[in-house]
Amino acid sequence: MPPSPAYRPEPRFFDLGPDYGDAVRPADFPQTILRFRNDRAAGSVGLETLTDAEWIAHFGRFQPLPGQPGPVAMRYHGHQFRTYNPDLGDGRGFLAAQMRDDRGRLLDLGTKGSGQTPWSRAGDGRLTLKGGVREVLAAAMLETLGVPTSRAFSLIETGEALERGDEPSPTRSAVLVRLSHSHIRFGTFQRAAYLGRTDMVEALVEHARAAYHPDVAADDVPGFLRAVVEASARLTARWIAAGFVHGVLNTDNLNVTGESFDYGPWRFLPHYEPGFTAAYFDQTGLYAFARQPEAVFWALTQLGGALKTVAEAGPLTEALNGFGPAYIRELRAAFLARLGVQSLGEAADQRLLDTTLALLREGGEALRWEPLFFDWFGGFASSARALGGPRGKLYQGETFDAFRFALFEHAPDQPERLEHPFFAGAEPEEMLIDEVEAIWAAIGSDDDWGGLEAKLGRLREAGEAWGLSAADSRVAAGRR
Ligand code: AMP
Ligand code: MG
């Protein structure tokens with residue numbers, strides 16, 4: 001069946017004109033085998049009514065959806081590991097569609113692995129199936145933990161054999177579609193500034209302001225930067241509370257809505273380790289776990305630099321200076337949310353943040369990141385459960401006492417969530433590398449997709465149990 005009446009196409013990016021993207025043709029894949037369709041996400045934009053054949057036509061063959069002008073590879077530059085690279089842009093993806101969701105937000109369907117574009121350079125424009133599966137898993141886990149994230153929308157295997165340095169090759173190919181709240185990156189602005197096109201910087205600010213930060217007044221460039229700073233601070237805080245390491249925080253991988261996307265070499269922390277680094281090619285640990293706030297702030301200063309071509313430096317600097325306070329405020333809020341307790345004012349909230357981190361630090365490898373939040377969710381309401389559970393013996397000593405004291409000051413927030421069967425289990429859902437590799441190994445060697453499906457089902461349940469919403473970060477809680 002065609003899209004439902006709830007489908008509301010609105011291809012706004014194209015209003016910007018031809019200087020921001022290039023019409024491209026998708027690759028003609030030898031096969032299109034549907035591996036994953038996110039019907040929950042599809043339901044939020046009126047596309048759950050598509051038959052599998054229609055789905056494949058739109059998301060494997062890229063016949064434009066009704067009301068969409070066709071694929072456009074977006075132009076952007078960016079700093080990669082702090083080196084400016086003007087040879088970027090959508091090299092293996094494109095913007096496939098834009099539409100309103102059921103909450104009125106303007107969302108993009110963007111691709112990864114859909115073929116070569118004018119920006120592919122030496123690249124083949126393709127995505128490995130393993131890379132696609134990894135993005136599906138990362139987005140699902142982040143959504144479960146209430147982090148503002150793009151959602152994996154579709155994964156279709158495409159029947160090609162790819163050569164890659166970081167996977168046993170030849171390896172299988174796929175095309176991914178993600179549903180995301182904008183693909184306008186910091187690097188989109190950097191490109192306009194680099195070209196000396198202040199008219200383009202201005203047009204981009206106005207476009208992104210109107211579409212994504214409508215509370216900011218027209219022509220208020222510092223106000224726009226402030227909104228991006230706030231959203232980025234919230235995102236970064238939630239990554240930290242989730243124990244997530246994105247891996248590649250280049251300025252072409254950060255967008256103006258503060259919703260994360262483009263999950264390549266990501267990892268979740270097994271346990272407290274500030275220097276934990278996700279990407280094997282990040283030899284200096286530039287994007288290590290605890291350096292992510294610094295990395296995002298650095299990227300924001302580059303966005304600020306681009307905006308300086310059209311606005312006064314002083315107010316822009318002031319907007320950037322808001323990052324630190326916003327980040328620490330959001331970090332306190334994110335830890336409270338993860339521990340399922342209410343705010344008790346800044347000082348008490350900060351004590352809880354500090355003592356939680358101290359406990360995780362002291363717990364070392366024995367106290368994994370995710371189980372700590374699972375055990376103590378709901379504060380004192382979980383006391384018996386935590387102390388009687390598999391990590392009970394870790395919960396003693398001075399550092400623990402300080403944590404318990406700080407935690408028990410705070411009232412539980414919606415303690416009825418503890419009645420969910422998820423909390424009756426001994427262990428939470430984690431997303432550590434061994435499990436990710438095991439899920440892939442079953443697919444890679446036996447074409448067994450059961451592990452992936454089961455994991456996604458468990459994450460959906462875990463998400464219902466946690467009840468952590470990214471909604472206030474403008475991300476719908478859509479699940480498969
Ligand atoms: P990423 O690190 O995935 O954000 O990508 C950085 C840049 O490299 C972007 O411009 C991508 O489009 C491009 N790129 C990455 N992999 C490929 C590929 N296999 N073929 C073409 N371009 C690619
Ligand atoms: Mg990227």
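Here the structure is a predicted model, which means the values were calculated and not measured. Whatever order the structure lists them in is the order used to number ligands and atoms, beginning at 1.
- Residue R164 approaches ligand 1 through these ligand atoms, each under 4.0 Å from one of its heavy atoms: 19 (N).
- In L127, neither the side chain nor the backbone holds a heavy atom less than 4.0 Å from any atom of ligand 1.
- Considering backbone and side-chain N/O atoms, W119 never comes within less than 3.5 Å of an N/O atom of ligand 1.
- Geometrically, ligand 1 and D90 share no nitrogen or oxygen pair separated by less than 3.5 Å.
- As for D262, its N/O/S atom nearest the Mg ion (ligand 2) is the one called OD2.
- Exactly one residue among M99, R100, Q98 makes a side-chain contact (heavy atoms from CB on, under 4.5 Å) with V45. That residue is M99.
- Short contacts between ligand 1 and D252, defined as distances under 4.0 Å to a heavy atom of the residue, involve ligand atoms 4 (O), 6 (C).
- At under 3.5 Å, a nitrogen or oxygen of R92, whether backbone or side chain, sits near a nitrogen or oxygen of ligand 1.
- Within the 4.0 Å heavy-atom criterion, the part of R121 lying near ligand 1 is the side chain and not the backbone.
- Considering T149, L137, L459 as possible partners of L142, the one that fulfils the side-chain contact (heavy atoms from CB on, under 4.5 Å) test is T149.
- Comment: R209 does not engage D219 in a salt bridge, judged by the lack of any side-chain N to carboxylate O separation of less than 4.0 angstrom.
- Here N253 meets the criterion, with an N, O or S atom under 2.8 Å of the Mg ion (ligand 2).
- Side-chain contact between D108 and L179 is absent, with no heavy-atom pair separated by less than 4.5 Å.
- No part of H77 comes within 4.0 Å of ligand 1, judged by heavy-atom distances.
- The existence of a salt bridge linking R368 and E370 is excluded, since no basic side-chain nitrogen approaches an acidic carboxylate oxygen closer than 4.0 Å.
- Ring pair Y327/F297: centre-to-centre distance not below 6.0 Å.
- At a 3.5 angstrom cut-off on N or O pairs, L88 does not count as close to ligand 1.
- Taking Y194 as the reference, nothing meets the side-chain hydrogen bond (donor to acceptor under 3.5 Å, both in side chains) condition, with sequence neighbours excluded.
- Near R126, with a cut-off below 4.0 Å to any heavy atom, the atoms of ligand 1 are 19 (N).
- Below 30°, between 30° and 60°, or above 60°: for F81 and F281 the angle between ring planes is above 60°, a perpendicular geometry.
- For atom 19 (N) of ligand 1, the closest non-hydrogen atom of the protein is D124 OD1, 3.0 Å.
- Residue contacts with ligand 1, taken as heavy atom pairs separated by less than 4.0 Å, do not involve N250 at all.
- At least one heavy atom of G89 sits less than 4.0 Å from an atom of ligand 1.
- In the model, W55 has a side-chain atom that pairs as donor or acceptor with a side-chain atom of S154 under 3.5 Å.
- Residue N253 has at least one heavy-atom neighbour below 4.0 Å for each of these atoms of ligand 1: 4 (O).
- Near D262, with a cut-off below 4.0 Å to any heavy atom, the atoms of ligand 1 are 1 (P), 3 (O), 4 (O).
- Qualifying side-chain hydrogen bond (donor to acceptor under 3.5 Å, both in side chains) partners for R126, counting only residues two or more places apart in sequence or in other chains: E160.
- Where the criterion is an N or O separation shorter than 3.5 Å, residue side chain and backbone included, G91 meets it with respect to ligand 1.
- When distances from atom 10 (O) of ligand 1 to the protein are checked, a heavy atom turns up under 4.0 Å.
- Each of the following atoms of ligand 1 lies closer than 4.0 Å to a heavy atom of G125: 18 (C), 19 (N), 20 (N), 21 (C).
- Classification of the Y84-H79 ring pair by plane angle, with boundaries at 30° and 60°, yields perpendicular.
- For M74, the heavy-atom gap to ligand 1 stays at 4.0 angstrom or more.
- Classification of E435 and K455 as a salt-bridged pair holds, one side-chain N sitting under 4.0 Å from a carboxylate O.
- Ion pair K130/E437 flagged as a salt bridge, since at least one NZ, NE, NH1 or NH2 atom sits closer than 4.0 Å to an Asp/Glu carboxylate oxygen.
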